Every structure is written in C-alpha cells, then in structure tokens.
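Notes for the one structure printed next.
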Amino acid sequence: MRRRRDVLAVVPVLLIAWLLLTINLGGAWVGHQDANGAWISTAALNFQHHGFLTLSGLPALDTTPSLAAPPRYYTSHPPIAVWLPTALISVIGYDETVMRFTFAALTLIGAAALYRLVRGLLGERWAWWTLAFYIAMPMTAYFGRMPDHEAPALLWGFLFALVLTAYLRRGQRHHLMLLALLAVIQAWTAWGGLILVWALCAAGMYANRARVRELVGVAVIGGAAAVAVLGYYQLVWSGAIDDLLWRLVWRTSAQSGGIGSETFSAAEYVVVALVRVLTLGTPSIAVLALIGTWRAPIRSTLPPGTPGEIMRLARALPLAFIAGGAAFMLIFRNAAYIHDYYLIYVTPGIALLAAGAMQIRPRRSVRWIRPLVVALTLMIPFATVHYTRQLHSGSADTQPLRVADALARYTQPQDTIYANTPNLGLAIELYARRQVTWASPPDAALAVVDAQSGDRTFYLGCRLMDERLEALQTQIVVTEDCKLFVIR
C-alpha cells in the first residue's frame with residue numbers, strides 16, 4: 001500500500017477484526033463447536049508430552065498420561081492444522097489463549113490477503129467493502145479463531161488466488177512453481193482447502209485458456225499431495241485408510257458417527273444451509289450479495305486497459321469461492337449438516353458479491369436501490385453483535401468442567417469409564433486426563449459385573465433413571481443432572 005490514506009482506511013477495519021477474534025480468547029473448550037479446540041489441543045499436547053517423532057507426526061487423541069497401543073490416531077483430516085499450534089506451544093507453553101491466538105492471527109493475515117487480492121483486481125473501494133463485510137460476518141468473527149483447518153486453509157486459498165492473478169498477468173515460471181507449492185500445502189492442511197484450490201484453478205482456466213495445461217498440472221499436483229497424505233497415514237498406522245473410509249460412510253447419516261441413523265432430505269439440507277447463510281453471514285450481507293450478483297458493475301470498475309484474462313478472473317473469483325465451498329459441503333454433506341462452520345469457505349465469495357452492491361450507480365429506473373443498500377449496511381453491526389453473542393453464549397456452561405473435575409478426582413487413568421451421554425466429550429477427557437467410552441447404555445457397563453476380573457469401572461449417568469444403577473452402593477453426585485456410579 002503506497003499511500004498513507006489507504007493504510008488509515010484499512011487498519012481500523014483490521015483492528016475491529018482483531019477485537020472480534022480475541023473475545024474470550026482464553027476460555028475453556030466448552031462453547032459452541034469448541035470440541036475442535038479440544039481435539040486440536042489434545043493432539044498438540046500429545047506431540048509435546050510424548051514427542052513428535054514418537055508419534056511419527058500423526059495427531060493422536062489419547063487423553064491419559066500414557067499412550068494406547070496403538071495410539072488413538074486421528075486421520076480424518078490432514079495434519080498441518082495440528083502442526084502449526086504444536087510449534088508455538090513448544091516455545092510458549094500450552095494455554096487455550098495460545099491455541100486460539102494462532103488461528104485468530106492466521107484469519108487476520110488472511111483478511112489482509114483478501115483485501116490485497118480484491119484491490120489488485122477491482123480497486124480499493126471494492127476491496128475495502130469486501131474486507132469490511134468479511135470480518136463483519138459472525139462466521140469469521142467467531143469461527144476465525146477456532147482451532148481447526150479453516151483459518152489456515154482460507155489463508156493459503158487467498159495467497160493462491162493472489163499468485164494466480166500474478167501468473168495470469170505475467171506468466172512467469174516462479175509463479176507457477178509457487179502455485180504448485182501452495183496446492184501441496186493446502187492438501188496437507190484441509191480437504192476443503194484443496195477443493196478450493198481446484199475451483200480457483202478452474203477460474204484461472206476460464207480466465208486464460210492458454211494456461212489450461214499448466215493449471216491442470218497444478219490441480220493434479222494438489223491431488224497427488226492428498227494421496228501422499230493418505231499414504232503417509234497408512235504407512236504409520238495400518239488402520240488409517242479404513243478409518244477414513246468408515247468416516248466417509250457415516251458422513252451420509254444425520255448423526256456424527258452414527259452409521260444407519262436417520263438421514264436428511266435434500267430440502268432439509270438446503271434449508272439448513274440457507275439459515276446459516278442468513279445468521280452466520282447476517283441477513284443484510286446475504287441480501288447485498290444478491291443485489292451485487294444482479295447489478296454489480298465489475299466491467300466498469302476495472303481500470304481502462306485491463307487485460308481480458310484479469311477481467312474474466314475478477315468475474316469468476318466470487319463464483320470460485322462459492323462453488324468450491326459448496327462442493328466441499330456436498331461431498332462431506334453429513335459433516336456440513338452437523339457443523340455450521342463448514343460454510344466458511346463460501347463466505348469470501350459472499351463478501352465479494354456484497355461489496356459489488358456498494359459500487360452500483362443506480363439509474364433513474366432503479367433509484368430505490370441506493371436507500372435499500374444504505375439501510376442494509378447500517379443494520380449489519382446489529383446483526384453481527386447479536387449472532388456473535390449467541391455463538392459465544394455457550395462458553396458460560398461450567399457443567400463439563402465440573403464433570404471433568406469429578407472424573408479426575410475419583411478415578412485413575414487406567415480405570416474404565418462409561419457414559420450414557422453422546423460424545424460431548426473430548427473437552428471433558430482433555431481436562432480430566434481420562435478416556436471415556438461415550439454413548440454407552442447401562443447394559444454395556446453392568447456386563448462387567450459378571451466378569452471375574454478387570455479394571456475398576458465407573459458409569460457416568462446424566463438424566464438417567466435406571467434401577468440397577470440406583471441400587472449400587474457408591475454414587476457420587478457430579479452435577480444436578482449427573483451421577484458417577486462405581487460399577488466395580
């Protein structure tokens with residue numbers, strides 16, 4: 001940025017973004033979708049406690065002081081999202097603040113990269129509004145600091161699009177090599193990020209058909225890197241491929257991990273996705289995106305003499321982000337149905353389209369557009385505050401921490417612990433340093449009574465009425481709704 005005026009215009013927006021991203025930065029992993037922070041933390045702590053080489057770099061979800069044989073490897077996603085915070089906590093030490101800081105910083109850098117990308121294609125005004133809408137979305141403000149794959153994947157995606165723009169302008173070999181490198185990094189970061197790379201490659205092919213062969217090569221390199229991830233996992237742990245295939249099977253059900261559970265219809269899926277666009281993207285930004293799609297003057301905002309391939313890329317870029325995000329949600333439809341943050345790959349495209357509504361110069365026949373756009377824009381801060389507060393509201397729940405405290409106090413790491421609740425649950429295991437078998441009916445736990453020998457066995461029953469458990473002598477009240485029963 002060459003002018004002080006540009007800096008003064010953008011820095012306040014980034015400061016507001018940082019303010020939103022750092023709310024309750026050190027909170028426990030008990031809020032909405034905080035199970036992701038718990039599992040990333042667990043895997044990073046295992047690297048720290050047991051050694052990166054001992055685990056061969058594979059994330060493991062063991063929550064007891066000693067590793068299982070084999071460890072509880074987690075191979076559903078590529079490993080870079082775990083490796084990044086592991087590097088930081090190895091220097092600073094573990095804390096929830098450090099974990100969230102890592103991903104909040106990646107999101108903030110990504111927002112700056114998005115601004116630079118749009119500024120180079122469509123100018124400063126379009127870029128400013130894209131940045132403002134992007135950080136105003138509760139999706140970015142809340143999930144942008146969540147430890148998981150999305151923050152780094154979006155950053156790599158924005159950088160990929162920046163390099164793609166430079167490559168289409170100048171066609172230099174080092175740009176092509178950098179695109180290939182970013183495709184590999186994406187494949188080792190997130191499946192959704194790799195799909196986004198493929199969508200951006202398609203946009204580049206549309207923009208300049210003379211570059212089709214090279215961009216197909218970049219896409220193939222990304223795919224080969226994804227295969228390398230799977231090969232690496234399988235080499236270290238022979239169950240990696242089977243585990244991933246199992247998860248792909250249950251992703252067609254309506255419950256996480258519930259093979260054979262009731263599925264959802266296409267209509268239900270579409271309704272859920274649209275509701276999330278309206279809440280996590282705010283209703284105003286969603287309507288502005290529709291207006292931008294209808295009336296945005298991309299051609300007239302480009303500087304005179306803009307090459308045709310850059311003009312076509314500018315038109316295709318919002319669609320690439322939306323199509324890439326939508327493809328990811330369709331392929332992993334069960335996870336997208338359960339996890340609202342899977343929509344995050346679509347949000348840059350929505351922000352780009354909404355910014356287009358701010359460029360409209362209404363003609364006499366559509367003068368009503370300008371007051372509508374102004375009214376919608378003024379409503380955005382209220383929606384951002386409202387929906388972001390709703391997302392943060394779950395962080396006040398102390399019941400999981402009380403359960404974890406009771407498990408740590410009354411059980412030992414080698415004890416067998418069952419629970420009737422669904423897998424709430426990894427945060428409890430992380431803070432208790434215990435392993436729990438979730439969603440177990442009382443019969444599974446009481447069956448050990450007939451065994452001749454075995455470890456001490458406990459049953460965590462929440463909102464459960466069972467005469468056989470109530471007849472047991474040792475019952476420890478954990479919370480108002482939960483008891484810890486000593487089975488053996």
Side-chain angles (χ1 to χ4, degrees), residues 26-30 33-103 106 145-152 188-190 229-244 246-247 256-257 400-401 403-405 407-408 411-417 419 423-438 455:
W29 306 118
V30 296
Q33 303 283 12
D34 268 345
N36 294 294
W39 89 257
I40 295 279
S41 295
T42 300
L45 284 170
N46 280 325
F47 284 140
Q48 187 181 41
H49 293 160
H50 304 293
F52 188 86
L53 295 180
T54 300
L55 289 163
S56 301
L58 259 66
L61 303 186
D62 295 75
T63 50
T64 53
S66 59
L67 290 170
R72 296 168 62 191
Y73 287 124
Y74 185 77
T75 56
S76 295
H77 297 280
I80 281 182
V82 181
W83 291 350
L84 286 172
T86 297
L88 191 59
I89 68 171
S90 65
V91 176
I92 300 176
Y94 174 79
D95 190 85
E96 290 88 347
T97 301
V98 177
M99 297 295 293
R100 287 194 180 94
F101 175 90
T102 303
F103 294 87
L106 292 172
R145 28 97 78 178
M146 177 183 72
D148 211 25
H149 308 83
E150 286 68 35
W188 282 72
T189 300
V229 173
L230 300 179
Y232 160 60
Y233 280 174
Q234 185 70 15
L235 182 64
V236 176
W237 177 46
S238 60
I241 300 296
D242 290 339
D243 181 66
L244 181 59
W246 178 82
R247 293 182 183 277
S256 180
L401 299 179
V403 171
D405 181 68
L407 293 180
T411 69
Q412 298 298 320
Q414 68 272 18
D415 292 341
T416 300
I417 305 170
N423 190 353
L424 304 168
L426 192 60
I428 293 175
E429 296 185 54
L430 170 64
Y431 290 121
R433 300 299 291 164
R434 302 290 185 269
Q435 183 175 337
V436 180
T437 302
W438 301 97
D455 298 329

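Quantities reported herein were computed from a predicted structural model and do not represent experimental measurements.
In this structure, Phe101 places its CZ atom where only 12 or fewer heavy-atom neighbours from other residues, nucleotides or ligands lie under 6.0 Å away.
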For this session: Show your reasoning for whether side chain to side chain contact (heavy atoms under 4.5 Å, CB included) applies to Leu407 and Tyr431.
Result: CA-CA 9 Å; Leu407 293 180; Tyr431 290 121; over 6 Å; no

Exercise. What do the steps show when you test Glu429 against Trp39 for side chain to side chain contact (heavy atoms under 4.5 Å, CB included), and what is the final call?
Worked result: CA-CA 10 Å; Glu429 296 185 54; Trp39 89 257; over 6 Å; no

Problem set entry | Thr75 vs Val236, side chain to side chain contact (heavy atoms under 4.5 Å, CB included): CA-CA, chis, key distance, verdict | CA-CA 11 Å; Thr75 56; Val236 176; over 6 Å; no

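Pro85 pairs in a side chain to side chain contact (heavy atoms under 4.5 Å, CB included) with only one of the listed residues (Tyr94, Phe47, Phe103), which is Phe103.
The CD1 atom of Ile40 lies 8.5 Å from the OG1 atom of Thr86; values are rounded to the nearest 0.5 Å. To the nearest 0.5 Å, atom CG of residue Leu401 and atom CG of residue Asp405 are 9.0 Å apart. Rounded to the nearest 0.5 Å, atoms CG (Asp243) and OG (Ser238) are 11.0 Å apart. For the atom pair NE2 (His50) and CG (Leu45), the distance works out to 9.0 Å, reported to the nearest 0.5 Å. To the nearest 0.5 Å, atom CZ of residue Arg145 and atom OG1 of residue Thr97 are 9.5 Å apart. Here the straight-line distance linking atom OG1 of Thr411 with atom CD of Gln435 works out to 12.0 Å at 0.5 Å rounding.
Pairing each heavy atom of Pro59 with each of Ala43, the nearest pair is CB-CB, 3.8 Å. Between Ala151 and Leu106, the closest heavy-atom pair is CB-CB, 4.2 Å. When all heavy atoms of Gln48 and Ile89 are compared, the closest pair comes out as NE2-O, 3.3 Å. Taking each heavy atom of Val436 and Ala419 in turn, the nearest pair found is CG1-CB, 3.8 Å. Nearest heavy atoms, Pro71 versus Ala60: CB-CB, 4.2 Å. For Leu84 against Pro152, the heavy-atom pair with the smallest separation is CD1-CB, 4.1 Å.
Between the side chain of Asp415 and the backbone N or O of Gln412, at least one donor-acceptor pair lies under 3.5 Å. Asp148 places no side-chain N or O within donor-acceptor distance of the main-chain N or O of Glu150, the cut-off being under 3.5 Å. Checked by atom type and distance alone, the side chain of Arg434 never pairs as donor or acceptor with a backbone atom of Ile417 at under 3.5 Å. At least one donor-acceptor pair under 3.5 Å links the side chain of Asn46 to the backbone N or O of Asp62. In this structure, Tyr233 contributes its side chain and His77 its backbone to a donor-acceptor pair below 3.5 Å.
Side-chain contact between Pro147 and Trp29 is present, with heavy atoms from C-beta onward closer than 4.5 Å. Side-chain contact check for Arg100 versus Asp34: some heavy-atom pair is nearer than 4.5 Å.
A perpendicular orientation is assigned to the rings of Tyr232 and Trp83, their planes being inclined by more than 60° (bins at 30° and 60°).
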